[in-house]
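Here is the structure we will look at.
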Amino acid sequence: MQTDVRGLRLTTSSAAAAQHIDAAVTDFLDYSVGASANLKKALDEDPSFALALCFRAYFMMMLEMRSVLPRIKQTIDELEQRLSSLTRREQLHVAALKAWSEGDIIKACSAWEVIITEHPHDILAMKLHHTLSFYMGQSQVMRSVLAGAIDEWNDATPGYSYVQGMYAYALEECAEYAEAERWGRAAAAGNPGDLWAIHSVAHVLEMQERTKEGLAWLPYTPAQWAQKNPFKAHVWWHGALFAMAEGDTDRVLSIYDNELTSVNTDNYVDVSNQGALLKRLELMGVDVGERWSNLAAFSKKRINDHMLPFRDIHFGLCLAGDGDLEAARQHIGSMRTFAAGKSGWQAESMNRIAVPLCEAIVLAAEGHADKAAELLWPIRHDFARIGGSNAQRDLFAQILCDAAVRGNKHAIARSLLAERVKARPDRKDNWTAYADVLASLGETKLAEGARGRAAKAAHAGA
Ligand SMILES: [Fe+2]
């Protein structure tokens, strides 16, 4: 029996294996490319090291590809045969892995929650719970679990900054921006390489429309982040949003072409970040050229995967963005089939939100913006159920707004834009669209007021 760097028991007799898994966990939390290599070293030292086998399977799950599931099942079968020889914490990791691989993310999170409650220093369970809760849009859960554990940490606990960064993000998603910024900046000061902490502060700056501060916060180049894993593209995506708000669409396209696409590999095409950015540019009236085609080609291969509703929506977005509406319809059909007759978060999120969102995107692309608006309007308060961040989901609010405006659903558009200018009071595009809608409804005075606000707005964008 060995222990990890935070004193948690590990079922292995190899001290070297324990050290390698510590390094792998650190790399995982740090979004460094070395995590897999360190994990391999741990398993080379002790091929039966249960937590390392579990961690390797977690990594495979993070690829979000159905094709890896048989291999993960093999690992689970092997571990289940010797569960009694493992610690309770390791047994719970196996249970979490099994639930996740079977598509029951809530059950997986429950197992990680038990681990965190009993072992608040299990940072692997913490990070996985945080990530998967984020995938489900469960901001309050993220915050609650971290709030319950963070007092057990301090500067002397290895990896404290990662916990601070996670807590910062959870607070930000719960709109507690001042506290989120305080925790996020402390985390980034403690570990300048912690992308999640950097990202948490970027979210605060995004939600508070502090775009110039945002651009200054994210000056990182591909060379500086050469050793970071593909998550760095998402942080660059935030930089692109700040540039977009400043109206600098050339800079946005440059970030797309140079930073975002710099992380592409054969097995990783960044559909969510890239597709979302292209769609936002199009909603601003920018011609994105042929950039959809690569994303659509990749999305076409994933039509039947359905690992996450959030990802499925982006596959649909990219297929429709490229004009391949037949493939987009095929994808929607496959989503329906996948979720039919099933219960649980994944199926419900798919049926209630992801399918209508994809339908609306296709309807709008076919020229039926009015029908798209009608489809999205009743479900708009439930967009959080597809997961992702508030900033990411704002794209779907923008798509609804655009559909209502283009589909001449004036009353809906007025309501949406009235809400939007309050949430984003310094965005010229919002005020201009609001003024146009008010004018269409004959509300001249309010329209004049909105036009006046548009003229004074510090930022472009929506
Ligand atoms: Fe983000």
Side-chain angles (χ1 to χ4, degrees), residues 28-31 62 64 127-143 146 162 164-177 179-181 183-185 187-188 193-211 213-220 225 228-245 252 255-256 259-260 262-263 268 270-281 308-311 313-314 317 383-398 423-424 461-462:
F28 171 51
L29 271 293
D30 219 21
Y31 295 91
M62 283 180 249
E64 296 176 12
K127 181 67 176 174
L128 290 164
H129 179 276
H130 186 65
T131 304
L132 274 291
S133 297
F134 156 65
Y135 282 173
M136 292 189 289
Q138 294 192 329
S139 307
Q140 296 293 346
V141 174
M142 277 194 293
R143 183 176 68 164
L146 285 160
Y162 302 124
Q164 291 175 302
M166 283 189 261
Y167 192 42
Y169 180 74
L171 289 166
E172 182 281 327
E173 285 299 292
C174 294
E176 298 207 11
Y177 299 126
E179 271 295 274
E181 185 170 359
W183 283 99
R185 285 188 186 274
D194 183 344
L195 290 199
W196 193 251
I198 292 168
H199 167 256
S200 301
V201 175
H203 264 270
V204 173
L205 302 177
E206 167 67 22
M207 299 313 285
Q208 295 190 322
E209 296 194 289
R210 293 156 63 187
T211 58
E213 284 179 73
L215 285 168
W217 180 247
L218 301 174
Y220 305 96
W225 277 350
K228 296 296 185 186
N229 74 21
F231 175 68
K232 61 191 171 186
H234 179 70
V235 189
W236 278 319
W237 176 85
H238 279 277
L241 292 198
F242 292 130
M244 195 178 283
V252 179
I255 291 173
Y256 184 94
E259 277 88 348
L260 259 65
S262 70
V263 298
Y268 184 89
D270 195 9
V271 166
S272 299
N273 293 312
Q274 293 177 17
L277 197 56
L278 293 185
K279 188 65 186 176
R280 283 173 187 253
L281 283 165
L308 273 180
F310 188 81
R311 219 64 73 196
I313 293 162
H314 286 82
L317 181 74
F383 284 168
R385 296 183 73 85
I386 56 163
S389 66
N390 291 316
Q392 284 174 311
R393 289 189 300 268
D394 190 55
L395 172 64
F396 308 121
Q398 288 187 36
R424 306 246 167 183

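Computed from a predicted model, the values in this text were never measured in an experiment. In listed order, ligands and their atoms are each counted from 1.
A cation-pi arrangement, defined by a distance under 6.0 Å to the six-membered ring centre and an angle within 45 degrees of its axis, is present between Arg311 and Tyr135.
Ring geometry for Trp196 against His199 counts as tilted: the plane angle lies between 30° and 60°, on a 0 to 90° scale.
The nearest pair of heavy atoms linking Trp236 to Ile255 is O-CG2, 3.7 Å.
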Would Lys279 and His314 count as a side chain to side chain contact (heavy atoms under 4.5 Å, CB included) if you check the C-alpha gap in whole Å, the side-chain angles of each, and the deciding distance to 0.1 Å? CA-CA 10 Å; Lys279 188 65 186 176; His314 286 82; over 6 Å; no
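Around the Fe ion (ligand 1), the protein N, O or S atoms closer than 2.8 Å are His199 NE2, His203 NE2, His234 NE2, His238 NE2, listed by chain and residue number.
Checking each of Glu172, Glu213, Glu181, His203 against Gln208 for a side-chain contact (heavy atoms from CB on, under 4.5 Å) leaves exactly one that passes, namely Glu181.
Counting heavy atoms from C-beta outward, Met166 and Leu29 have side chains that approach closer than 4.5 Å.
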